[in-house]
Amino acid sequence: MNYDFNKIEQKWQKYWSENQTFKAVNNSDKPKYYVLDMFPYPSGAGLHVGHPLGYIASDIYARYKRHQGFNVLHPQGYDSFGLPAEQYAIQTGQHPAVTTENNIKTYRRQLDQIGFSFDWSREVRTSDSSYYKWTQWIFIQLFNSWFNIATNKAEDISVLETLFSVEGNNKVNAVCDANIELFSAEEWKSYTSKQQQKILLKYRLTYLAETEVNWCPALGTVLANDEIVNGVSERGGHPVLRKKMTQWSMRISAYAERLLQGLETIDWTDSLKESQRNWIGKSVGASVSFKILAEGENFEKGIDIFTTRPDTIFGVSFMTLAPEHELVSQITTAAQKTEVEAYVLATAKRSERDRMADVKTISGAFTGAYVEHPFTKEPVPVWIGDYVLAGYGTGAVMSVPCGDQRDYAFAKHFNIPIINIFEGADISEEAFSDKDKTIIANSDFLNGMNYKKATKRAIFELEQIGHGEGKTNYRLRDAVFSRQRYWGEPFPVYYVNGMPQMIDGAYLPIKLPEVEKYLPTETGEPPLGNATVWAWDTETNTVVANSKINNTTIHPLELNTMPGWAGSSFYFNRYMDPDNQNEIASKGALDYWQDVDLYIGGSEHATGHLLYARFWQKFLFDKGVVPVDEFAKKLINQGMILGTSAFAYEVSSYYMVNGEKHIVPLSKPIFVSKAVYLKSSVSKRKDIYDAKTFEHTEIDFQIIKLIESNVKEGFLNEPEFNLNPIHVKVEYVNASDELDIDGLKQDAEFGDDYKEAIFLGEKGQIIISDNDVYKVSREVEKMSKSKYNVVNPDHIVSDYGADSLRLYEMFLGPLEQYKPWNTAGITGVHGFLKKLWKLYVDDNGLKVTNAAPTQDHLKTLHKTIKKVQEDIENFSFNTSVSTFMIACNELTSQKCTSKDVLEPLLVLISPYAPHIAEELWSKLGHKESISTVDFPKFDGSHLVERSKNYPISFNGKMRFTMELPMDMSKDAIEKAVMAHEKTQEQLAGRTPKKIIVVPGKIVNIVG
RNA sequence: GCUGAAGUGGUGGAAUUGGUAGACACGUUGGACUUAAAAUCCAAUGUCCAUUAGGACGUACGGGUUCAAGUCCCGUCUUCAGUACCA
């Protein structure tokens, strides 16, 4: 009986599905365990071998926990709203829902054949209206909430309204828009409804605001900061501009401190936590107000700045504003007007990208205005400079050139005096910014103090004179929540007199309307502007035709849709009770499952999904919807699986005339093998122009000859050549890097021109039939279609089976690490499975017996139990695969047939290779699935050794080993070792200075 | 620049608290079986020297601590990832 993996795997996948083996129940006496994968966006390309890595790891863990007696929730779904389906719709007219459905089918088929233990009865799709009903519901809750700093949580907006009507907004301590006017209770009551709504909007956790956004004209949409990489869109690499638009925003900044503090309570990787800390960007310091000294004009307010170094306030020799700062035009003097305006214009013209790229150039302009130093009362000149960013802090800084390198460089460049306020610091070459070594001097009441003391004192003094206060600043900006896209969640929002109104939750979901075109409208409105049935009837509470809009009972609906991260910010809660019509999930389900115990996914979501999801979770916690304020206790980032690209070297021929290159067209393409390339002078030169400086090698002349006999048209000059590496499909390359030339030539994608191509093999011969081999060179790169290094798991599963794929993905290396895929290596784990099969089954059928296990058998088994259990708990899956191999090799050579050993071994292996485990388990006579059988208990008594093979070292170098009893005393060991003839040989008559004996470990003889 | 991770054979990678470096696998070489191939099995495989016995050198580089260092300490270099005029 052979190991027929295809048959076995299909059989068990069918069994699991029919018997709902992995269906989780919402109430159980067992303890709960929630294992979650980041759900995939179902792209048209399907899965490649890199995608399942994390799913395999989480599946092993979920299966392990079932063996441990846990009630395991291990769901899967699809993040199915998104740009690619919409782009495809724009190009083909195909409805994104149709494309998405097809892609999901492919994903499901591919996932199913790998044998995951997902509970598919709980599948969610973010693009289903039954799901996005709850995305819309959460949006409404955010709209109806404000953040009370006093209680440090979100509260209902009605609380705020009551406060306003009782005491105005003077005492309210809320996170809100800047520049809010103060009003009294009487004033509040006198406002019109519209005025009140406008004010409340400044407090709500989701709000409409005119914001400067990242507008991508090519995609016709706004992008979030984390959707922009190096100044261009992450998707497609299109340019991005700054543009002002009215957009929905999420007041995530309200949660900055809690998002930061929460990191302390969760077991996520340090690098990921560090990314989030950087993103939140907390800095502690002070805000200082400088009085404007203007001739004639009277400025009520001063210029506010934020600084982390209030201790250096006596070192201020100028102030710098961002060119975009609102006061620039007001304070600039007539004399400086031309210069300042020119500078402001020049900066505005430069894109964000230019400004970022060009950090070295110092530029700026003097406004002619002065502010007054709060303590010395000296005038301080006000400059503008593009090194100050409008978007951070207040867009203004107090410049302390002696303590900040940028201020220093600016001061040097414009000849502004530099005051030294540090004791013993040399500032002749650069600023002194070492906080810890700071002793303040030349600074009135701060003299002699260190950084900490001086900071505290400076803030105290500023507060005394009403010129500032201690302040904490965060880099985290509010998140823009509107997208000008079709394929996303519609807002449950309509507009009355331009003011947004929420649709009552009872009428959700508001379904995405049909449109003719998925592009923005001609007037520049988002795609939903194309919908003809997209108005809200407040009497029937239904969506009706736009033509009925009367602005009394029927109003226009919001045309934007929500961003990609909306649907993924709470899905982990929805899995707990996915079919609930009345709530995100029932209280019972939420109380039972609580949170995710283990979350596995890519690190690319560090500052996107993982931050927003934490934000929504905290908000839902504040509203009493969910029982915990962090959604995932532990998170692991799986590393990426890279492709091993293969290259063939194509000959490109040319000749030089007067330093100019002329291409020589060839009648047939010529490729040379890796060895030929290495023997050629081409591999040693840097560019084509130094060809002459290298002697032609023997192989070079051979290639030139070949070129000459394959030239399309005659030419006179001597041909020179280059060897260009060309990607070839990895499926035509075997484990020894040999290229299947016939296969490649017949490949449709390779092109007709290449059917006649000449291949020069390793020995430098033209390859005819099998007289020589052609080797490619290899390089590790990201998997991508264009590099022909993508490996489809379908092929692996059909050639080697799902169990081999699962084992091999784990065997490649540590889960978190980036590592290259090389299909050739899979024969190792596949061979192991065959060998394992043979341990149980031979030509006559099952060979397992009831024979009592020997001491050796038990030792192997228990050593394996111990190691595998430790490995799974440490997520070190690669080493447990090795452990299985060792166990299998040992038991094979021990000729073990004992059921008492082979049965528990199957349970150990079943999380990794569930199909073969189920098959052998049933062959052993079991009627039930192996998936919930108890994990074998480790018994250390089988591992107790009676003797130890001691390594005997001389001066730290191991020379020989000696078998000695474990219970031998130190002295006895020393005696035994000294008596050994090899010891005397090593010592050659010398007397050892010292003998180190570590019982059970090592003996080291010094001297 | 800052933050985080990492650097071990031809390759992927092992190596609990410092205690026999290179487990396991790929690849390579040789052999068995076969008409042949595949599959399977056996042996060798860090580098160098040596016929053997054996020896020298080896975990990015330079130092140090220790009886003993891939592991601990100091310094340097390189790679990858994130982030960046953040005041």
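Keep in mind the model is a prediction, meaning the values are calculated, not measured. In what follows, chains carry the letters A, B, and so on, assigned in the order in which the sequence lines appear, proteins first and then strands, with residues in each chain numbered from 1.
Pairing for B:A60 goes to B:U76, judged as Watson-Crick or G-U wobble with the two contacts each under 3.5 Å. B:U45 is paired with B:G27 under the Watson-Crick or G-U wobble criterion, all donor-acceptor distances under 3.5 Å. B:U3 and B:A81 make up a base pair, with Watson-Crick or G-U wobble contacts both under 3.5 Å. When Watson-Crick and G-U wobble pairs are counted only if both distances are under 3.5 Å, B:G19 pairs with B:C67.
Regarding contacts with the backbone of B:C86, a side-chain N or O of A:Arg406 is found under 4.0 angstrom from either OP1 or OP2. Between B:G13 and A:Gln817, a contact under 4.0 Å exists linking OP1 or OP2 to a side-chain N or O. Using a 4.0 Å cut-off, some side-chain N or O of A:Lys957 falls inside it from OP1 or OP2 of B:C57. In terms of phosphate contacts, A:Tyr818 brings no side-chain nitrogen or oxygen within less than 4.0 Å of OP1 or OP2 of B:C80. Between A:Asn878 and B:A14 there is a side-chain polar atom (N or O) within less than 4.0 angstrom of OP1 or OP2. Contact check, A:Arg475 against B:A84: a side-chain N or O comes under 4.0 Å of OP1 or OP2.
In this structure, A:Glu816 reaches neither bases nor backbone, as no heavy-atom distance under 4.0 Å exists between it and the strands shown. Contact annotation for A:Lys993: no contact, since no heavy-atom pair falls under 4.0 Å across all strands. When heavy atoms are screened at a 4.0 angstrom cut-off, A:Asp737 is found touching no nucleic acid atom at all.
Results of the side-chain contact (heavy atoms from CB on, under 4.5 Å) test with A:Met640 over A:Lys819, A:Gln817, A:Lys782 single out A:Lys782 as the only residue that passes.
Side chain of A:Lys273 to backbone of A:Leu263: a donor-acceptor contact under 3.5 angstrom is found.
Taking the six-membered ring where tryptophan is involved, the planes of A:Tyr912 and A:Phe884 are perpendicular, since the angle between them exceeds 60° and thus also 30°.
Applying the side-chain hydrogen bond (donor to acceptor under 3.5 Å, both in side chains) test to pairs two or more places apart or on separate chains, those with a residue in residues 831-841 of chain A are A:Lys835-A:Asn889.
Separation of the P atoms belonging to B:C41 and B:G55 is 35 Å when rounded to the nearest angstrom.
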Nucleotide N/O to protein N/O under 3.5 Å, stretch nucleotides 65-68 of chain B:
| from | atom 1 | to | atom 2 | distance (Å) |
| --- | --- | --- | --- | --- |
| B:C67 | O2' | A:Asn1004 | ND2 | 3.0 |
| B:C67 | O2 | A:Asn1004 | ND2 | 2.8 |

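When rounded to the nearest whole Å, the span between CZ of A:Phe290 and P of B:A87 equals 17 Å. Computed from coordinates, the A:Tyr392 OH to B:C85 P distance equals 12 Å when rounded to whole Å.
Nucleotide B:G9 is shown with a syn base, its glycosidic torsion being within 90° of 0.
A donor-acceptor contact under 3.5 angstrom links the side-chain atoms of A:Lys1001 to the base of B:U17.
For the atom pair CG (A:Leu635) and NE2 (A:His605), the distance works out to 11.0 Å, reported to the nearest 0.5 Å.
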Base-contact (B) and sugar-phosphate-only (S) positions in nucleotides 24-31 of chain B, heavy-atom cut-off under 4.0 Å, - elsewhere: BSSSS---

